[in-house]
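A quick write-up on the structure given underneath.
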Protein chains: 2
Amino acid sequence: MHLRLKKNSTAVRMKLTSAAQDATDTEKRGRKASKETRRQQLIEATIDSLAKRGYSETTLADVADGAGLSRGIVNFHFESKEKLLIATLQSMADEYAANWGAALEKAGDRAAAQLWALVACDFDRKICTKRKLAAWCAFWGEAKSRPTYQALCGARDVKYQEIFLALCQTLKDEGGYAYEPEGMTLALCASMEGLWLRLMMGDGLTREKAHAAAVEYLLVAFPRHFTREGPK
Amino acid sequence: MHLRLKKNSTAVRMKLTSAAQDATDTEKRGRKASKETRRQQLIEATIDSLAKRGYSETTLADVADGAGLSRGIVNFHFESKEKLLIATLQSMADEYAANWGAALEKAGDRAAAQLWALVACDFDRKICTKRKLAAWCAFWGEAKSRPTYQALCGARDVKYQEIFLALCQTLKDEGGYAYEPEGMTLALCASMEGLWLRLMMGDGLTREKAHAAAVEYLLVAFPRHFTREGPK
DNA sequence: ATATTTTGAATGAGTGTTCAGCAAATATGT
DNA sequence: ACATATTTGCTGAACACTCATTCAAAATAT
């Protein structure tokens, strides 16, 4: 009797889990899931909850339900709610950084191609999902009053910024453009963040349209380097 | 004894109130404050709290303390916390709209001057304070999961968007530029929102630098219409 | 006197955290 | 091989606490 109940509740949980468990498909389930796997599963569930309910209404109960696990689970694998949220943000930041890092690798060594790749990868399928954008935005909203979030959000980190600036500088020299590169870079980065914000808000804006808008900017700023189809 | 305590606590409250009561300086204080004045006072205290503690940690107690009033006061003047927050957002949205409306009036009827004014007024002292930017961002963070916020944030409303698009269109025709005006407008608007986001985050970015970056964009996009000092 | 505004204590719903106990997995002994 | 002990991951009820809301009483205005 007792056993039957247990099995039932486990079954229900398995059904409820959706995106959160996809990440663990290649790993063993149930008891055998490793510590790191379980942590990742809870992080995914946290992103789900942030996207669905927003920061202020994300509860540990939601996260646990979303992951198909019990109430006390978060405090077992993470020490506190706060630490879960920080780990979640860290995970997203890592993924983001890895994404543009890889894009830069693949782009070769021409500056124009690198800039193009850097802009394009911001609107990549993997990174630029409604779910993740919503989670980012949830953290942005809290960042001003939380130094830890602020550091991790850091819109994009310093390195990213520097690369962007260096690329704009190079293109300016190559093309003989007249603008002031710092302001230009700032406006370009801000534009991409603003496009993310709008994507998140809904509005019927699609990833493709947002990317096209960013490209339009590139065309206007660096007419001698780009066409709508890519770097010349 | 009882009375003495009361007077004391009132005195403390008066001291604590800062920005929140500035708005009521021209009005009568204490009991004599009109209903509308008190509402505005509570709204200001709400913005303060959102900026200082963020959305998720803004409590009615904070707001009441900030306004120098007692705990039950919000539920008297507003029906609930939710309604206070909506009224706060509405108030900010109204102020924002009034600001660009006025800027457009003053700009005369040349499209270039109007666009310049529209960009400039986003970085106006009155609108673009850390305090208010932080409050905006707090609402953005919650907007995805709350239709009411989403409608009021609506980054900027449809009308604003249309004006921007029309202006870009006009300038394109005048100057014979080659870009695709919808993408261009979107990127421009997004850029200004992104700049707001960065201003809010801190980073040592100033209002002036942000404005300069937006101007840099205008220069690049409409070289025949603008100089760094203004419309030609 | 009556109406309006304000107070502040009480209420109760919701939530993060703790922890004793259970069960699966693994190690150890026979 | 089998039984037993130990470790490890997990559960869910209990707890403490925060906070929005209510409301009776007090203060003030008309």
Side-chain angles (χ1 to χ4, degrees), chain A residues 1-14 16-17 21 24 27-42 45-46 49 53-86, chain B residues 2-14 17 21 24 27-42 45-46 49 53-86:
Chain A
M1 183 59 174
H2 192 214
L3 258 176
R4 264 239 326 252
L5 245 173
K6 290 241 156 192
K7 286 205 173 174
N8 251 339
S9 76
T10 302
V12 167
R13 268 191 215 123
M14 286 302 185
L16 284 175
T17 63
Q21 284 210 343
T24 72
E27 287 270 351
K28 315 167 212 165
R29 291 288 182 73
R31 289 275 178 180
K32 301 176 98 178
S34 77
K35 213 144 190 166
E36 204 38 56
T37 303
R38 189 110 304 170
R39 278 174 62 97
Q40 197 54 44
Q41 182 188 1
L42 288 168
T46 305
S49 181
R53 302 181 218 284
Y55 186 98
S56 72
E57 304 218 299
T58 285
T59 68
L60 291 185
D62 283 337
V63 172
D65 288 353
L69 296 166
S70 71
R71 293 293 150 97
I73 197 67
V74 165
N75 293 98
F76 180 76
H77 286 283
F78 299 82
E79 215 167 298
S80 64
K81 184 186 185 184
E82 178 70 7
K83 292 198 174 156
L84 167 68
L85 289 168
I86 289 170
Chain B
H2 191 216
L3 255 177
R4 262 234 332 247
L5 247 172
K6 290 241 158 193
K7 284 205 172 175
N8 252 339
S9 78
T10 303
V12 167
R13 266 191 216 124
M14 284 303 185
T17 62
Q21 284 210 344
T24 70
E27 286 269 351
K28 314 169 213 165
R29 289 287 181 73
R31 290 280 179 177
K32 298 177 99 178
S34 76
K35 210 145 190 165
E36 203 39 56
T37 303
R38 188 112 299 171
R39 280 174 63 98
Q40 196 55 41
Q41 180 188 4
L42 289 168
T46 305
S49 181
R53 304 181 214 285
Y55 186 98
S56 73
E57 303 216 300
T58 285
T59 68
L60 290 186
D62 283 338
V63 172
D65 288 353
L69 295 167
S70 72
R71 294 297 150 93
I73 199 69
V74 165
N75 293 98
F76 179 77
H77 286 284
F78 299 83
E79 214 168 300
S80 65
K81 185 186 185 183
E82 179 70 8
K83 291 199 174 155
L84 167 69
L85 289 168
I86 289 169

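Keep in mind the model is a prediction, meaning the values are calculated, not measured. Chain letters run A, B, ... following the sequence lines, proteins first, then strands; residues in each count from 1.
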Item to check | Distance-minimising heavy-atom pair for B:Ser70 and B:Ala64 | outcome: O-CB, 3.3 Å
Checklist entry - Looking only at heavy atoms, which two atoms of A:Ser80 and A:Val74 are closest? And how far apart? => result O-CG1, 4.3 Å
Checklist entry - Hey, which of these two, A:Glu57 or A:Gly72, hits DNA chain C nearer its 5' end, going by closest nucleotide? => result A:Glu57
Could you state the atom-to-atom distance from [atom1] of [X] to [atom2] of [N] in whole Å?
{"X": "A:Leu85", "N": "C:dG16", "atom1": "CG", "atom2": "C1'", "value": "12 Å"}
{"X": "B:Glu79", "N": "D:dT22", "atom1": "CD", "atom2": "C1'", "value": "13 Å"}
{"X": "A:Lys35", "N": "D:dC10", "atom1": "NZ", "atom2": "C1'", "value": "11 Å"}
{"X": "A:Leu84", "N": "C:dT15", "atom1": "CG", "atom2": "P", "value": "16 Å"}
{"X": "B:Leu60", "N": "C:dG12", "atom1": "CG", "atom2": "P", "value": "19 Å"}
{"X": "A:Arg53", "N": "C:dG14", "atom1": "CZ", "atom2": "P", "value": "14 Å"}
{"X": "B:Tyr55", "N": "D:dA20", "atom1": "OH", "atom2": "C1'", "value": "13 Å"}
{"X": "A:Asp65", "N": "D:dG12", "atom1": "CG", "atom2": "P", "value": "11 Å"}

Choose from [options] the nucleotide whose nearest atom is closest to any side-chain atom of [X].
{"X": "A:Arg71", "options": "D:dT21, D:dG12, C:dT6", "value": "D:dG12"}
{"X": "A:Asn75", "options": "C:dT7, C:dT17, D:dC10", "value": "C:dT17"}
{"X": "B:Ser70", "options": "C:dT17, C:dG8, D:dT11", "value": "C:dG8"}
{"X": "B:Phe76", "options": "C:dT6, C:dT17, D:dC10", "value": "C:dT6"}
{"X": "B:Ile73", "options": "C:dT15, C:dT6, D:dT21", "value": "C:dT6"}
{"X": "B:Leu69", "options": "C:dT17, C:dT7, D:dC10", "value": "C:dT7"}

Checklist entry - Think B:Arg38 has a side-chain N or O under 4.0 angstrom from the OP1 or OP2 of C:dT6? => result yes
Item to check | N/O (side chain, A:Lys81) to phosphate O (OP1/OP2, C:dT17) under 4.0 Å | outcome: no
Checklist entry - Where do A:Leu85 and A:Tyr55 land on the side-chain contact (heavy atoms from CB on, under 4.5 Å) test, with the steps shown first? => result CA-CA 10 Å; A:Leu85 289 168; A:Tyr55 186 98; 3.7 Å; yes
Checklist outcome for this item: Which of A:Thr58, A:Asn75, A:Thr46 passes side-chain contact (heavy atoms from CB on, under 4.5 Å) with A:Leu84? It is A:Thr46
Next on the checklist: Quick one: does any side-chain atom of A:Arg39 pair with a main-chain N or O of A:His77 as donor and acceptor, under 3.5 Å?
Outcome noted: yes
